[in-house]
Structures are given as structure tokens and as C-alpha cells.
Amino acid sequence: MKYDSLFEQATDAIMVTDFKGNFKDVNSNCCTLFGYAKQELLQLKITALLAPSRLKENPIRFDILATGRTIFNEREMVDKKGTIIYVKTNAKKFDGNSILVIARDITQRKFLEKELLHQKMQEHKKIIKAVTNAQENERAEIGRELHDNVNQLLATSKLYQHQSLKVPYKRLEYITKSQEYLSCAIEELRKLSQALVGPTQDKTMGLIASLDKLLNDISILEDIEISSNYSTCREEEIEVGLKLVIYRIVQEQLNNILKHAQASKIEVEIKKEANRLQVSITDNGKGFCLSEKRNGIGLKNIKNRAEIYNGIVEIISAPGAGCKMKIIFME
């Protein structure tokens, strides 16, 4: 009587079979789970409830159960309608010549796990796509820079060399001009190379030195007052990949500021607080309304780069009030 009470009151499905898999008894929760009446189940074998596609690779090991060992498993089973049900089973020898199987329904958990995995895969694909697009945009920008700037300097240098052969009495003047344009082309290539290399490849500079050089070059060329603060940042504690991400983010946002903000002051700050690293880029430019949709790829590139290291991008701005971008990387 005590056995019957526990058998029926159990919240899991309980099945008792012989060592050939024939059902000897089932509780009401088993009938509810698989959609059979009790008398229907007692005419079946437990193998009838196993998903046919999984039966060969995950059979019920009656031989092992006969030795008295308990087997824990996760199985795909099917109800009367053929619907897949995921269960966690506990099977063991019972009462001398029987097998007791306790099956807990984990179908909802499995579906949630699959959905979560699908979402992670989709997010991963988005990040890969975004990074790829960013790389292609950078290549296109390099191509334009080489074509519109370096190529023109070299073409002009070649023209002066050609003229020096045609007009002998001005040869020295033309060769001197050609050398000046060649020097300009070399300097432009040097700047472009440094921008591409970044802090992870140039081991003699590192992140902070690379950022300082980037800021100094911009302040000279654009006549903008730029300040920086890294007083609470220890560069040796930042992993190599994150250094490059930070450098590219600052580089991208500075480019955005120069293109759109009409700013006269820029401040870059990197600080460590407890278990987080914060990068801030602030300008006193014209600002913008956060509620307005922005179609530029610069901000998307920044957000996608930050996501690679679980970074969160926050923007504070308003028309006429400049802009502050914060990127927070949690450890």
C-alpha cells in the first residue's frame, strides 16, 4: 500500500518493466506524459516509446541493468502522437526481476537550450559579418588614400622627372621638385602604415604611446586641442587583442569627430575601476540628438568591435552640447 501511494504521488513518470522491456506497471504521470491509457502501455514494450532515430545509438542496456548498476541518461522519447519528448532517466534493477525507470520531462529546458544556442550562433554570425564589413571598409579607405593621395604625389614626382629630361636647363629645379613630392609620398605611406599596424604589432610603442602619437598627429594637422589621461590604467594588465580594439575604437571615434563634430577640444581617457576598464572620448563639438536615426557605419563599427570583448557603448550628447562616448569592458 505504501509502495502504491509513492508510485502514484510521484511527480515524475515511473515505469516498471521486465528484462525484455515489457511494461509491468506505470503510474498516472507516465500515462499523462506519453498520452496513453494505462492498459495501452501495459501491452507495449518500453522501446516503443524511444525515438527510432536514437534507438540504435542509445539502446537500453538491459545487460548492464541486470548486474545491479544504475544508469542515468538523457533520451529522446515519443508520445502517442509521435511528438518528441526529452527526458532525463534513472534506471535500475528493482524487486529482483524487474527494472524501475524514473523519467523526468526536460523538453522545455531542451527547447530553451536550443533556442539560446541558436540565438548565440546568430549573434556570432552578426559579429563576424560586422567585423568583416569593418575590415572591408578599412581596406576601401586605404585604397582611396593610396589612390587619391599617395598615387597623386608619385604621379606628380614622375611628371617632374619627365620634364627634367625634356627641359635640360631646368633639370635641377625639376629634380628637386620631384624629390620633394617623393618625400611627401614616403611620409604619407609612413603615417598610413603606423595607423594600420596599431599598438599590438609595434611592440616598441604599445597602446598608450600609440594613442599619444595618434592624438599628437591629429592636433598638429587639424589644429585641435587634444588631452589624454591614462593615470589609473596599467597597460600590462590589458590583453593584446583588447589593446588593438581600444586603439581602433579611439581611431574611429576621432575620425567621426573630425568629420562631423566641428570640435575644438577632444579628451581621451582610459581608466581602471574595480573589475572594469572604461574608455572615454569627449568632444566640445556641435553634438546631436540621440533619438534621431543615424546611418553612418562609424558607430556600428565601434559597437561591433566593443562586443568582441563584451564591451558596452554609452553615448551622452545633445545638439550644441558636444558628445561623450564611454566604452565599458567588464573583466
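With L211 as the partner, the side chain to side chain contact (heavy atoms under 4.5 Å, CB included) test is satisfied by one option alone out of V250, V279, N216: V250.
Checking side-chain atoms of D18 against main-chain N and O of G21 turns up a donor-acceptor pair under 3.5 Å. Under the 3.5 Å distance criterion, the side-chain polar atoms of R75 are left unmatched by any main-chain donor or acceptor of A51. Within the 3.5 Å criterion, the main-chain N or O of I64 finds a donor-acceptor partner in the side chain of T67. Although no hydrogens or angles enter the test, the distance criterion places a donor-acceptor pair under 3.5 Å between the side chain of S157 and the main chain of S178. D283 places a side-chain N or O within donor-acceptor distance of the main-chain N or O of G285, the cut-off being under 3.5 Å. Side-chain atoms of E40 come within 3.5 Å of backbone N or O of A37 as a donor-acceptor pair. Of the possible donor and acceptor atoms, none in the side chain of N27 sits under 3.5 Å from a partner among the backbone N and O of A13. The backbone N or O of L172 lies less than 3.5 Å from a partner atom in the side chain of T176, making a donor-acceptor pair. Side-chain atoms of D12 do not come within 3.5 Å of backbone N or O of R104 as any donor-acceptor pair.
Using a cut-off of 4.0 Å between Lys/Arg side-chain N and Asp/Glu carboxylate O, K110 and E74 are scored as salt-bridged. Note on R109 versus E113: salt bridge recorded, some NZ/NE/NH1/NH2 to OD/OE distance being below 4.0 Å. In this structure, D105 does not pair ionically with K88, as no charged nitrogen and carboxylate oxygen lie closer than 4.0 Å. A salt bridge links D63 with R61: at least one charged nitrogen is closer than 4.0 Å to a carboxylate oxygen. Salt-bridge formation is not detected for the pair E123/K120: no Lys NZ or Arg NE/NH1/NH2 atom is positioned less than 4.0 Å from an Asp or Glu carboxylate oxygen.
A distance of 12.0 Å separates CZ in R248 from CD1 in I308, rounded to the nearest 0.5 Å. Atom CD1 of residue I14 and atom OG of residue S28 lie 9.5 Å apart, to the nearest 0.5 angstrom.
Across every non-hydrogen atom of S264 and I224, the tightest pair is O-CG2, 3.5 Å.
No side-chain N or O of K170 forms a donor-acceptor pair with one of S164 less than 3.5 Å apart. Between the side chains of T11 and N29, not a single donor N or O lies within less than 3.5 Å of an accepting N or O. No donor-acceptor contact under 3.5 angstrom links the side chains of S227 and E225, judged on distance only. D79 and Y36 share no donor-acceptor pair across their side chains, judged by distance under 3.5 Å alone.
Taking 4.5 Å as the limit, every side-chain heavy atom of F72 sits out of range of all side-chain heavy atoms of T89. Between I99 and F19, the closest side-chain pair of non-hydrogen atoms falls below 4.5 Å.
Hydrophobic clustering (side-chain heavy atoms under 4.5 Å, transitive across Ile, Leu, Val, Met, Phe, Trp, Tyr) groups M77 together with I71.
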Query raised in the report: So E252 and R305, salt bridge (charged side-chain N to carboxylate O under 4.0 Å, His left out) or not? Walk me through it.
Result: CA-CA 11 Å; E252 184 76 56; R305 289 185 188 279; 5.2 Å; no
Go through the steps for F23 and M15 under the test side-chain contact (heavy atoms from CB on, under 4.5 Å), then give the verdict. CA-CA 7 Å; F23 281 117; M15 300 160 267; 3.7 Å; yes
Point to revise | S280 vs Q278, side-chain hydrogen bond (donor to acceptor under 3.5 Å, both in side chains): CA-CA, chis, key distance, verdict | key: CA-CA 6 Å; S280 301; Q278 179 175 303; 3.2 Å; yes
Open item on the list: Could you walk me through whether T17 and S98 satisfy the side-chain contact (heavy atoms from CB on, under 4.5 Å) test, starting with their C-alpha distance in whole Å, then the side-chain angles of each, then the deciding distance to 0.1 Å, before giving a yes or no?
Closed with: CA-CA 6 Å; T17 74; S98 300; over 6 Å; no
Table please: side-chain donor-acceptor pairs of residues 313-330 below 3.5 Å, with sequence neighbours left out.
{"from": "S317", "atom 1": "OG", "to": "F288", "atom 2": "N", "distance (Å)": "3.0"}
{"from": "S317", "atom 1": "OG", "to": "F288", "atom 2": "O", "distance (Å)": "3.4"}
{"from": "S317", "atom 1": "OG", "to": "G322", "atom 2": "O", "distance (Å)": "2.8"}

Could you tabulate the donor-acceptor pairs under 3.5 Å formed by side-chain atoms of residues 265-272, not counting sequence neighbours?
{"from": "K271", "atom 1": "NZ", "to": "E273", "atom 2": "OE2", "distance (Å)": "3.3"}
{"from": "K272", "atom 1": "NZ", "to": "E331", "atom 2": "OE2", "distance (Å)": "2.9"}

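Y160 belongs to a hydrophobic cluster whose other members, connected by ILVMFWY side-chain contacts under 4.5 Å either directly or through intermediates, are L153, V167, Y169, Y174, Y181.
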